[in-house]
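Beneath this line is the structure, given in structure tokens, with notes to follow.
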Amino acid sequence: MYGFKALIFDVDGTVADTERDGHRPAFNAAFAEVGLDWHWDASLYGELLAVTGGKERIRYFMTRAGIQLDPDRDADAFVADLHRRKTAHYLAMLGRGAIPLRAGVMRLWKEARAAGTRLAIATTTTPENVAELLAHAGEPNLADWFEVIAAGDVVPAKKPAPDIYHLALEQLGLDAADCIAFEDSDNGARAALDAGLKSLVITTNAYTAGQDFGAAPLILDQLGEPGSPPKVKVGELGGSDCVDLQVLERLHLRVRAASGASA
Ligand code: XBP
Ligand code: MG
């Protein structure tokens with residue numbers, strides 16, 4: 001039996017490396033589809049990731065590029081249409097199985113499930129994107145493993161606001177102190193920490209490796225697999241060679257001890 005009750009996973013950049021080779025080409029395909037000469041290369045996209053949410057990112061790009069629509073054009077409708085088209089391209093890519101899960105994710109989910117640990121998702125992307133990613137991850141009915149999937153426009157404010165984590169905790173009926181969160185970005189880390197999720201594991205990726213993750217107690221380049229350990233930046237694996245439930249138990253106990261809570 002473990003001291004924590006649930007694991008809450010971010011999706012983009014954490015569960016799968018979706019941004020550079022998934023969302024970005026899908027945005028570009030949507031721009032081309034409507035005859036826009038916009039193109040987000042990998043480096044520009046890295047800058048645009050400062051803003052979470054696909055619609056919000058399109059607006060941010062337009063502001064940065066000084067792009068103004070004809071005054072008689074409905075900007076919300078324009079952005080919503082572009083985002084709908086982008087989502088269609090992204091779903092098609094997922095449907096082709098183009099984006100695998102990151103190393104260690106499926107293993108840890110299986111370990112958690114076998115141990116009776118509850119699983120949840122808290123992400124900025126749309127619920128359809130989550131469903132399609134899970135549907136092509138190689139396990140039948142994988143989405144059913146998750147008691148809660150909190151995703152997309154269901155909350156007033158997106159990460160770094162803690163709203164989506166508050167919603168996931170509320171739907172789990174759990175306190176933040178009883179959960180461990182998994183994130184990849186500075187925006188995500190702030191959202192989790194501001195929701196009280198101090199037991200936070202960061203797995204960085206090419207876009208987030210240099211970011212500031214605040215008080216996150218465990219920062220690595222991946223979750224790792226037995227025999228293929230992750231690079232640990234902050235924290236320790238304490239004898240395990242990948243992030244497993246024993247590592248999470250030690251992390252959780254350390255965090256609870258540090259916050260003066262009894263084990
Ligand atoms: C990261 C995001 C998302 C995606 C694009 O989500 O900021 O907006 O970049 O997805 P996460 P949408 O919280 O999982 O890291 O276009 O569906 O918003
Ligand atoms: Mg993320």
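Whatever order the structure lists ligands and atoms in, that order sets their numbers, starting from 1. Side-chain atoms are counted along with the backbone in the values below, which use heavy atoms only and exclude waters and symmetry mates. All values derive from a computational prediction rather than experimental measurement.
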ring-ring contact (aromatic ring centres under 6.0 Å, His included), that's the test. Do H39 and F31 meet it? Break it down for me. CA-CA 8 Å; H39 181 78; F31 302 151; 8.6 Å; no

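Closer than 4.0 angstrom to ligand 1 sit non-hydrogen atoms from D10, V11, D12, E19, H23, Y45, T52, G53, G54, R57, H83, K86, T123, T124, T125, T126, N129, K159.
Only protein N, O or S atoms were considered, and those under 2.8 Å from the Mg ion (ligand 2) are D10 OD2, D12 O, D184 OD1.
Cluster annotation: I8 is not connected to L193 through the hydrophobic network of ILVMFWY side chains, with a link wherever side-chain heavy atoms come within less than 4.5 Å.
Between D41 and R24 there is no salt bridge, since no side-chain nitrogen of the basic residue lies less than 4.0 Å from a carboxylate oxygen of the acidic one. The pair K55-D153 counts as a salt bridge, with a side-chain nitrogen and a carboxylate oxygen less than 4.0 angstrom apart. A salt bridge links R254 with E236; the closest basic N to acidic carboxylate O contact falls under 4.0 Å. A salt bridge does not link R190 to D186: none of the charged side-chain nitrogens sits closer than 4.0 Å to a carboxylate oxygen.
Listed by chain and number, the residues in a ring-ring contact (aromatic ring centres under 6.0 Å, His included) with F27 are W40 (sequence neighbours excluded). Y60 is linked by a ring-ring contact (aromatic ring centres under 6.0 Å, His included) to nothing, counting only residues two or more places apart in sequence or in another chain.
Across all non-hydrogen atoms, the minimal contact from A120 to L172 is CB-CD1, 3.9 Å.
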